[in-house]
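Quick note on labels: first sequence line is chain A, next is B, and so on, each numbered from 1. Note that the structure is predicted; figures quoted are calculated from it, not measured.
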There are 2 protein chains.
Amino acid sequence: MENTRDKLIHAAFDEIFSHGYQGASLSDILAKAGVHKGSMYHFFANKKEMALASIEETILKRNMEKYRYVETNTNGFLEEFYTRLRDTSVRDFKRGCPIANIVQEMSNIDEDFNVLMKSIYGAFRANIKAILDKAIEVGEMKPCDTAKLALFITSTIEGAILAAKASGNAQDYVDVIEELIEHIEGKR
Amino acid sequence: MENTRDKLIHAAFDEIFSHGYQGASLSDILAKAGVHKGSMYHFFANKKEMALASIEETILKRNMEKYRYVETNTNGFLEEFYTRLRDTSVRDFKRGCPIANIVQEMSNIDEDFNVLMKSIYGAFRANIKAILDKAIEVGEMKPCDTAKLALFITSTIEGAILAAKASGNAQDYVDVIEELIEHIEGKR
DNA sequence: ACAGAAATTGACCGATTAGTCAAGTGTATG
DNA sequence: CATACACTTGACTAATCGGTCAATTTCTGT
């Protein structure tokens with residue numbers, strides 16, 4: 001059974017992912033979580049603190065799972081990376097990427113969000129860089145500036161998700177990813 | 001002297017660019033425009049109609065100016081394109097890209113915004129494709145699937161702006177753009 | 001100058017917002 | 001059984017939200 005705080009974290013993340021932080025109604029979050037208002041204020045100081053907690057915890061947990069294979073694998077880093085990139089089933093092209101959404105909405109209007117998203121987006125880049133470093137380490141790839149390449153890859157991924165969201169066509173994501181993979185393959 | 005409607009269009013666009021559509025306060029827009037509420041409702045049916053008008057008119061006008069050179073030039077399409085891509089002075093890395101911001105915020109929650117942004121993002125892609133087609137026409141580039149390449153380019157640009165917004169570092173944009181240009185150069 | 005239209009003013013409305021809090025319930029420990 | 005702490009309930013507040021509208025001023029064409 002999920003406890004009250006977890007219910008709130010999940011409902012808040014889902015509402016924010018759907019409507020943005022500013023567009024997320026506190027009463028809708030409470031209704032979705034099945035939690036009363038006073039109860040929420042027992043766990044969080046205010047809407048913003050709940051939002052920050054829900055974003056940080058949810059995204060960090062996802063990333064933990066998503067990039068664990070880099071620690072356990074001993075080879076095939078790039079192929080595994082490509083497979084995951086191509087997997088559209090983990091994507092939500094209607095809502096887009098939660099990281100990008102919140103950066104876009106909040107980074108320039110609230111310093112606390114700015115700090116959090118800088119850290120989360122930085123972790124995203126670091127995860128991709130770790131894959132590239134591993135690939136180079138085991139000789140799947142020529143040495144290169146992996147920080148810059150990781151930046152390029154994350155940018156293109158985010159852009160691809162946005163393109164699919166704008167057009168309503170998941171194929172746009174696939175097309176961008178294929179060209180991105182070609183680009184990376186050129187560095188082997 | 002700017003008329004009332006234009007004042008509203010400009011103030012609305014600026015407020016929306018800064019705080020998003022949902023975060024943009026009508027009274028702030030009115031204060032910035034120096035226009036009273038009833039006056040605004042004389043020109044627009046509601047907040048949303050004003051927002052849609054301000055977004056469409058402002059972005060279409062910008063694009064008109066931005067890509068006019070494609071019609072007038074007779075060669076050097078790619079070099080001119082690179083120069084403009086590299087020009088960070090036209091970018092606002094704090095607020096990001098207005099197109100991307102509104103797509104992220106609104107495409108999945110309001111059908112009217114969705115339709116408008118699909119059209120605007122589509123025009124963005126079409127403009128880039130036109131440059132590539134011209135470049136191929138005059139032999140600056142080998143023939144290729146310009147629709148897909150344009151999609152890749154727009155995605156990467158949007159991702160680059162987002163990366164710079166997330167990190168607060170304009171250099172991230174520059175780095176992505178340089179790698180993107182290398183990628184395009186590979187197609188010559 | 002005058003009529004009529006266009007534009008402006010600003011008070012007002014109901015709905016919704018995030019946030020407060022006193023009272024109550026449940027549970028674990030002495 | 002009793003005390004204490006964690007948690008829950010839901011009514012309440014003040015502020016803000018987008019939106020309405022009748023009265024008034026300004027502009028325009030004849």
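Comparing the axis of the opening five pairs of the helix from C:dA1-D:dT30 to C:dG30-D:dC1 with that of the closing five pairs yields an angle of 10°, rounded to 10°.
Grouped by direct or indirect side-chain proximity (heavy atoms under 4.5 Å, Ile/Leu/Val/Met/Phe/Trp/Tyr only), A:Leu8 sits with A:Ile9, A:Leu26, A:Ile29, A:Leu30, A:Val35, A:Met40, A:Tyr41, A:Phe43, A:Phe44, A:Met50. When hydrophobic residues (I, L, V, M, F, W, Y) are linked wherever their side-chain heavy atoms come within less than 4.5 Å, B:Leu60 remains an isolated member.
Contacts between residues 14-25 of chain B and DNA chain D, defined by a heavy-atom separation under 4.0 Å, are made by B:Ala24, B:Ser25. Contacts between residues 34-56 of chain B and DNA chain D, defined by a heavy-atom separation under 4.0 Å, are made by B:Lys37, B:Gly38, B:Tyr41, B:Asn46, B:Lys47.
Contacts of A:Lys32 classified as side chain to side chain donor-acceptor pair (under 3.5 Å), with partners at least two apart in sequence or in another chain: A:Asp14, A:Glu15. Partners of A:Ser155 by side chain to side chain donor-acceptor pair (under 3.5 Å), not counting sequence neighbours: none found. Applying the ring pair (Phe, Tyr, Trp, His ring centres under 6.0 Å) rule to A:Tyr82 yields no partners; only residues at least two apart in sequence or on another chain are considered. In this view, B:Lys148 satisfies the side chain to side chain donor-acceptor pair (under 3.5 Å) rule with no residue, not counting sequence neighbours. Scanning for side chain to side chain donor-acceptor pair (under 3.5 Å) contacts around A:Gln22 gives A:Glu105, with sequence neighbours left out.
For A:His183 and A:Phe152, the gap between ring centers is short of 6.0 Å.
Taking the side chain as every heavy atom from C-beta outward, B:Asp92 and B:Phe17 approach each other to under 4.5 Å.
The list of side-chain hydrogen bond (donor to acceptor under 3.5 Å, both in side chains) pairs with a residue in residues 57-68 of chain B, not counting sequence neighbours, reads B:Arg5-B:Glu57.
Figure legend: A:Lys129 and A:Phe124 shown without cation-pi pairing, the cationic atom not lying both under 6.0 angstrom from the six-membered ring centre and within 45 degrees of its axis.
In terms of heavy-atom proximity, B:Phe77 sits nearest to B:Val70 at CE2-O, 3.6 Å.
Note that the first and last nucleotides of DNA chain D, 5' to 3', having any atom under 4.0 angstrom from a heavy atom of chain A are D:dC7 to D:dG10.
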